[in-house]
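See structure below.
A note on names: the letters A, B, ... follow the listed sequences, proteins ahead of strands, and every chain is numbered from 1.
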Amino acid sequence: MPNDLSTLVYELVEKVPLGKVTTYGDIARTLGLKTPRQVGWILHRNPSQRKTPCHRVVFSDGRLSGQFAFGGRDAQRHWLESEGVLFNGEKVDMKRSRWAELSH
DNA sequence: ATGCTGACCGAGC
DNA sequence: CGCTCGGCCAGCA
């Protein structure tokens, strides 16, 4: 297994600490990808045979990814909440729960 | 080749 | 705060 782009993405996602989230855009910027869509494409395409916590990746405004992706956004939301991620209504409280490491 | 579609984002109103 | 729009680029029919 060559360490291609997807490997880098997964390694980065695995570094997201418990109780924090990161965004597609942050990942894209950090790895030098052309567009955040590429990140979404990589995560969607690869099976979850890895222990990658994909549920910690959200939109830049704090919305959760999709209704079909993790068995529903309610499921994902409860998952995150149990990890300590703060919510502001339907959205993640990005101000406090965004992983600061990438957001430079 | 070409024209959608999408696990996105920022600007603008 | 909410909605639209354009740009982005990899896959796929």
Side-chain angles (χ1 to χ4, degrees):
Chain A
M1 295 230 272
N3 56 333
D4 52 340
L5 238 41
S6 34
T7 305
L8 292 175
V9 172
Y10 289 123
E11 287 185 354
L12 194 58
V13 173
E14 287 172 16
K15 284 184 188 165
V16 178
L18 205 68
K20 294 288 180 184
V21 299
T22 191
T23 75
Y24 296 92
D26 283 345
I27 294 173
R29 268 194 305 277
T30 302
L31 297 182
L33 298 183
K34 324 235 168 182
T35 156
R37 282 202 191 271
Q38 192 164 1
V39 177
W41 148 65
I42 287 175
L43 290 180
H44 188 205
R45 149 179 231 294
N46 274 56
S48 42
Q49 42 195 177
R50 213 175 254 266
K51 39 200 161 185
T52 311
C54 316
H55 57 274
R56 297 192 195 142
V57 186
V58 301
F59 288 168
S60 67
D61 61 359
R63 275 198 335 270
L64 303 184
S65 317
Q67 20 274 5
F68 59 93
F70 309 96
R73 33 190 226 320
D74 288 338
Q76 183 181 5
R77 176 181 172 171
H78 275 271
W79 212 277
L80 291 173
E81 278 181 329
S82 72
E83 291 182 351
V85 175
L86 302 168
F87 272 74
N88 191 359
E90 291 290 312
K91 298 179 183 179
V92 174
D93 187 347
M94 296 306 279
K95 193 123 180 167
R96 297 204 277 174
S97 293
R98 184 185 203 153
W99 188 30
E101 194 90 15
L102 295 189
S103 51
H104 60 85

Next item on the list: Decide yes or no for A:Val13 and A:Pro53: does some side-chain heavy atom of the first lie under 4.5 Å from some side-chain heavy atom of the second?
Entry: yes
Margin query: Judged by each residue's nearest nucleotide on DNA chain C, which is more toward the 5′ side, A:Gln38 or A:Lys91?
Written below: A:Lys91
Next item on the list: Using atom CH2 of A:Trp41 as one end and atom C1' of B:dC4 as the other, report the distance to the nearest whole Å.
Entry: 18 Å
Next item on the list: Answer yes or no for A:Arg77 and A:Phe87: cation-pi contact, defined as NZ/CZ to six-membered ring centre under 6.0 Å and angle to ring axis within 45°.
Entry: yes
Check: In the 5'-to-3' direction, what one-character label does each nucleotide of nucleotides 8-13 of chain B receive under the scheme B = base within less than 4.0 Å of a protein heavy atom, S = sugar-phosphate only, - = no such atom?
Finding: BSS---
Checklist line | Interatomic distance where NE2 belongs to A:His44 and P belongs to C:dG11 [whole Å] | finding: 13 Å
Check: Thinking salt bridges, do A:Arg63 and A:Asp61 make one under a 4.0 Å N-O criterion?
Finding: yes
Check: Charged N to carboxylate O under 4.0 angstrom, A:Asp26 versus A:Arg29?
Finding: yes
Notebook entry, point to check: Salt bridge between A:Glu11 and A:Lys15, side-chain N to carboxylate O under 4.0 Å?
Noted result: no
Check: Who pairs with A:Glu83 by side-chain hydrogen bond (donor to acceptor under 3.5 Å, both in side chains), at least two apart in sequence or on another chain?
Finding: A:His55, A:Arg56
Notebook entry, point to check: Could you give the CZ-to-C1' distance, from A:Arg63 to C:dC3, as a whole number of Å?
Noted result: 11 Å
Check: In whole Å, what is the span from the CD1 atom of A:Ile42 to the C1' atom of C:dG11?
Finding: 13 Å
Margin query: Can you measure A:Arg45 atom CZ to C:dC9 atom P for me and round it to whole angstrom units?
Written below: 19 Å
